Asks: 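The structure's right below; bear with me while I get my questions together.
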Amino acid sequence: MPKWEHIAGLLGLITLIVGHYLGLFWAPPERMMGDVGRLFYVHVPVAMFAMLVFCVAFVGALGYLLTSRMEADWLNEAAIEVGVVMNVLLLMLGSIWGKPTWGVWWTWDPRLTSATVMLLTFVGVILLRQATQSPEKRATWSAVATVLAFVNVPVTYMSVKWWRSIHQMQSTPETVSEPMVFVFRVNLLAMALLMTWFIARRWRIAKHRAMAEAPAPLPPAPQVTS
Amino acid sequence: MEAGSAWMLTGPNGSGKSTMLRCMATSLKPHRGHILVDGTDLWENRQTLRAEIAYLGHELHVWDDLSPRQNLQAWNRLGRFEVDVDALLERVNLEPHRDHPVRAMSAGMKRRLGLARLLLKKPRLALLDEPFGALDPEGRELVLDVIRELRTSGTTIALATHLPRIGAQACTHGLALEAGQLLWAGTASGLLERLP
Amino acid sequence: MNVIRQTFEVLRKELLVEWRSPARVSGLFFFALAMLLMVAFASPTEGILRTQAGGTLWISLLLASTRSMDQSWSTEMEHGAAEGMLLWPVEPVAIYYGKALANTAILLAVTVAIFPLMVGLYDVPVRGDLSMLAAIAVMGCAALAAPGTLYGLITAQARGASVLLPLLMFPLVVPALLAASRGTMVVIEGDPMLQGSSWLSLLVAFNAIHWSLSGLFFGRVLEDG
């Protein structure tokens, strides 16, 4: 039986291919950086969605803490894993961008550094999830750790910014040309569809795993003899 | 369970005696079903009801590095009970060891400390899991004494034991469990008669 | 009011346990001291030690704290005292704040003992304001203790706790580590630009966030544990 998220996934893949074609061949080269600037179409959507997916994990965590419903925990689990994949992708793209623009693969700039710290915190949450058998404990611990990790992201960013800063100005749609905005939006849509697909799939895996782990129901109670 | 009654739970290992007591102590959340106290759900109202339930399990709930006296004082102050700790230590015959660290004490003496800790609270419901384990005959008498004393002050008792002949000396009712199911319920003396 | 009194009682109990078995505090002290020596052996020149002093101090304390936080819970787990407190008429919040305050005090004691040794070993000239240094030390230790006390309870019950606790704590305390290290350094070297106070305010903000959030979640973690 086809699930709704597969439609989102298929559309996402098509949009991703179209977006990449437009970004690589149709859009004009960036004025300052030339062809390297085309990374913008992938790097920025990935960065935005890495943050957004962790927001979803945060919502799942809060949902579990407030309602104790396992559905919220599955959302938390799904979004954290997808977020970690996106975060790794983000760091790789950042490095690839960094080499031609700054001349180094790695610099201790606030965004790069706080993204790395963010990755480490959420990897910690995944490892914590694996360290326990009890679904309730796992859900509570993971929810608490997610909230702390999430709240810590802006604090880390601020602290590293005070520490040292050389990252370039944020790009806003006003400073870039018309076709660039269009291609960027296509890629953003692709990411939105793909993330929906990933999280929904991972949520279902978590659900089925929980069903498989659940203890078998007790046999009916026998009559009391007295 | 009416006030002042004492219920004895028996059954082989793994029959669910300890689990049942832990659920009643709000240490475990029942997977299904509810425990009702005066008609209200125990788990939902655990914050308020915990003050009235005392539980002595396999774990003694003590700090190894402190002496019996310091342990009882700490629990006393935490719960704001204002009980005379020294009198309590005398009651359970720990007076001579009151300043040694718990770490160095024998299993039987630790059980006595656990019993004293139970008496700090003035519970409406006291839960004892294998209270006679590791105790000498004199210690078992002490436990029976404490149960009788609690009952006269209106405390309801539930105790799990694999020594029903001892337990029955202070209990009114008996329950037999096996594999998580209730096999038999009746009076404590009735339970003894049915034993092989 | 009741919560404050209970917090004080938990703190008192904690300090009594430390007093009766001082092995833990002395263990932490020698652990931190060994770290200072090891860093010296691993450094190419002595000049680097001097410029790295603040960071080395706080890394030593951070590593020592990850050892102490799960120990602080293992004494509670040994005979189920943690569960005992949950079932006793005590507010869980009071258990958290009592233990976190005790952990802060222990770390602070180690800091006070280790700092003069570091000044001597690394030949660090202390030029700055000592009261600012004390404030940074207090806030830095509190910043390590707040998440450590919460995560210590979690990892004490998890498999592979010895690796898990540092893994969870290290990325979380990055802001605190940065602020405490830089703050200590600017105060040691003399602080004409008054940067110390901005690092201190970062530490205060970190503490405000983590002391309140961890206190909020602690009851839930203890209950489900």
Side-chain angles (χ1 to χ4, degrees), chain A residues 54 58 61-62 64-68 70 73 80 84 87 108 110 112-165, chain C residues 55 96 143 146-148 150-151 153-183 185-186 195 198-225:
Chain A
F54 283 135
F58 178 69
L62 277 189
Y64 181 78
L65 288 173
L66 294 176
T67 66
S68 295
M70 290 317 277
D73 178 57
I80 287 176
V84 163
N87 204 333
W108 294 98
L112 213 50
T113 309
S114 49
T116 313
V117 175
M118 184 165 79
L119 175 67
L120 274 179
T121 19
F122 282 102
V123 166
V125 181
I126 291 181
L127 292 172
L128 178 65
R129 291 190 70 93
Q130 289 170 353
T132 173
Q133 296 287 320
S134 147
E136 284 87 17
K137 276 187 193 181
R138 184 166 57 216
T140 307
W141 295 354
S142 165
V144 167
T146 304
V147 173
L148 289 183
F150 188 79
V151 169
N152 218 44
V153 170
V155 185
T156 308
Y157 178 75
M158 282 310 297
S159 66
V160 184
K161 193 172 182 175
W162 283 4
W163 185 46
R164 54 185 64 162
S165 175
Chain C
Y96 173 75
L150 179 71
Y151 279 144
L153 171 62
I154 290 177
T155 54
Q157 306 169 67
R159 284 179 290 156
S162 55
V163 167
L164 206 51
L165 183 61
L167 247 169
L168 286 169
M169 260 187 81
F170 287 173
L172 206 63
V173 298
V174 162
L177 183 71
L178 250 170
S181 304
R182 297 304 306 154
M185 232 28 240
V186 294
Q195 292 172 51
S198 51
W199 290 119
L200 183 64
S201 57
L202 182 60
L203 276 175
V204 170
F206 183 92
N207 274 311
I209 292 171
H210 282 275
W211 280 78
S212 50
L213 278 183
S214 302
L216 195 65
F217 295 142
F218 180 80
R220 196 57 195 276
V221 173
L222 186 66
E223 182 89 58
D224 290 357

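Below, chain A is the first sequence line, B the second, and so on; all start at residue 1. Source: prediction; values computed, not measured.
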Asks: Quick check for you: to the nearest 0.5 Å, what is the distance between L148(A) atom CG and I209(C) atom CD1?
Replies: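 Here the rounded value is 10.5 Å.
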Asks: So what's closer than 4.5 Å to chain C heavy atoms on L65(A): side chain, backbone, both or neither?
Replies: both
Asks: Could you state the interatomic distance from OG1 (T155(C)) to CH2 (W141(A)), rounded to the nearest 0.5 Å?
Replies: 8.5 Å
Asks: Please classify the contact of T132(A) with chain C as side chain, backbone, both or neither, using a heavy-atom distance under 4.5 Å.
Replies: backbone
Asks: Nearest 0.5 Å please: distance from the CZ atom of F206(C) over to the CG atom of N152(A).
Replies: 5.5 Å
Asks: Select, from V123(A), T156(A), V144(A), the one with the greatest count of heavy-atom pairs under 4.5 Å involving chain C.
Replies: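 Result: the option with the highest number of such pairs is V144(A).
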Asks: Specify which of A139(A), G124(A), A145(A), A149(A) makes the most heavy-atom pairs with chain C at under 4.5 Å.
Replies: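 Highest number of heavy-atom pairs under 4.5 Å: A145(A).
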Asks: Non-hydrogen atoms of chain C under 4.5 Å away: do they reach the side chain of V151(A), the backbone, both or neither?
Replies: side chain
Asks: Do S159(A) and R182(C) meet the criterion of a side-chain donor-acceptor pair at a distance under 3.5 Å?
Replies: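 No pair is found: no donor N or O on one side chain lies under 3.5 Å from an acceptor on the other.
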Asks: Please enumerate all residues that pass side-chain hydrogen bond (donor to acceptor under 3.5 Å, both in side chains) together with R138(A), with sequence neighbours excluded.
Replies: E213(A)
Asks: Can you give each donor-acceptor pair under 3.5 Å made by side-chain atoms of residues 169-181 of chain C, sequence neighbours left out, with the distance rounded to 0.1 Å?
Replies:
from    : atom 1 : to      : atom 2 : distance (Å)
S181(C) : OG     : L177(C) : O      : 2.7

Asks: Please look at L153(C) and chain A and tell me whether the side chain, the backbone, both or neither of the residue comes under 4.5 angstrom of a heavy atom of that chain.
Replies: neither
